[in-house]
There are 2 protein chains.
Amino acid sequence: MLRIDLASHVPVYEQIANGLRAELVAGRFGPGDKLPTVRTLAIDLGVHHNTVAQAYRQLAEEGWLELKRHRGATVRERHRPSNRSDGTETFARPLRELLAKALAAGLPRKMLIRELLDSAHRLEAGAL
Amino acid sequence: MLRIDLASHVPVYEQIANGLRAELVAGRFGPGDKLPTVRTLAIDLGVHHNTVAQAYRQLAEEGWLELKRHRGATVRERHRPSNRSDGTETFARPLRELLAKALAAGLPRKMLIRELLDSAHRLEAGAL
DNA sequence: ATAGTTTGTACACTGAAGACAGACAAATTG
DNA sequence: CAATTTGTCTGTCTTCAGTGTACAAACTAT
């Protein structure tokens, strides 16, 4: 499910938040669902529970989770994100850099194209 | 041209490397071309020249640049990277997370789809 | 040829931040 | 009511990004 890359420059708590956010956006968790406790997920990932807690807190700040003491983290109904940031900075450029990295790593163009089209289709279907 | 986000957790030297790699992959620099000196680029970006030097060194390790003392950085003919890493880890997952972040930021699906298809077409045309 | 400038590198220092450890308070469970 | 569970808080430690500075080698100009 979730995988942590300790070699990455991206801090672990953010990797966790990113991974969970991806699943939340994908709708794999519906409103009201409960996420594992910080300790169980921490053990599962092999990190400290405080690290997981930080990820949960970040997602809560973004409005994805409802955090109540001793009641775990429950998925919240997602409100509209009014923050209208520039798409170039938050998407186009990172995408370009990601593609460059993938090509530099030797991944075949075909695979990348397939993934891109796949994501586009999923987006159109609203499945993401 | 290159933009640095100081708020990002990605270190500046890596942002520089990523940006340059993207341009190199895009073919905006051909073999034999000379990159700006570490100091000029550093002033241009408002960072220390050692930071730029670190980025250059990283790209040199990846085989993109030829670094010779006092001769600046020259773009090298790129060899095919046989190092075939797992595509899921290096591309599919980051792409999913990037999309999730973009959606969470409120970027319209249409824009994302357009960017994805655009990149796919460029890939097919070999322009990337 | 030589003095001065340019250029990449090496090394030490500083500050910030991530991850962990341990304790705590509150709520759930039996 | 006792024991366990659970998220939070505070403090510590380590790592590392970014900078300051000095240096050696090569280029330039006269």
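A note on names: the letters A, B, ... follow the listed sequences, proteins ahead of strands, and every chain is numbered from 1.
- A/Arg21 places a side-chain heavy atom less than 4.5 Å from the side chain of B/Lys101.
- Using a 4.5 Å heavy-atom threshold, the side chains of A/Gln58 and A/Tyr13 count as touching.
- Note on A/His49: a base of the nucleic acid sits closer than 4.0 angstrom, heavy atoms only.
- Counting to the nearest Å, the C1' atom of D/dA26 and the NE2 atom of B/His70 are 6 Å from each other.
- Across the protein-nucleic acid pair, A/Asp5 atom CG and C/dA19 atom C1' stand 16 Å apart, rounded to whole Å.
- Of the two residues contacting DNA chain D, namely A/Arg57 and B/Val12, the nearest-nucleotide position lying further toward the 5' end is that of A/Arg57.
- For the pair A/Asn50 CG and D/dC13 P, the computed distance is 17 Å after rounding to whole Å.
- In terms of phosphate contacts, A/Thr51 brings a side-chain nitrogen or oxygen within less than 4.0 Å of OP1 or OP2 of C/dC20.
- One can place CD1 of A/Ile43 at 18 Å from P of C/dA19, the figure rounded to the nearest angstrom.
- Per the geometry, CD belonging to B/Glu14 stands 15 Å off C1' belonging to D/dG18, to the nearest Å.
- Here the side chain of A/Thr40 pairs no donor or acceptor atom with the backbone of A/Pro36 at under 3.5 angstrom.
- Heavy atoms of B/Tyr13 sit under 4.0 angstrom from primed sugar atoms or phosphate atoms, though from no base atom.
- Place A/Arg71 and A/Gly46 on DNA chain C by their nearest nucleotides, and A/Gly46 ends up nearer the 5' end.
- Atom CD1 in A/Ile113 sits 12.0 Å away from atom CZ in B/Arg122 (nearest 0.5 Å).
- Rounding to whole angstrom units, CG of residue B/Leu6 and P of D/dT19 are separated by 8 Å.
- Here D/dT21 presents its P atom at 8 Å from NE2 of B/His48, a figure rounded to the nearest Å.
- B/Leu59 is not listed as a side-chain neighbour of B/Leu35, based on a closest heavy-atom distance of 4.5 Å or more.
- Heavy-atom distances to DNA chain C give each of A/Arg69 and A/Gln54 a nearest nucleotide, and the one nearer the 5′ end belongs to A/Gln54.
- In this structure, A/His9 does not reach the D/dC16 phosphate: none of its side-chain N or O atoms is under 4.0 Å from OP1 or OP2.
- The CG atom of B/Leu67 sits 16 Å away from the C1' atom of C/dT6 (whole-angstrom rounding).
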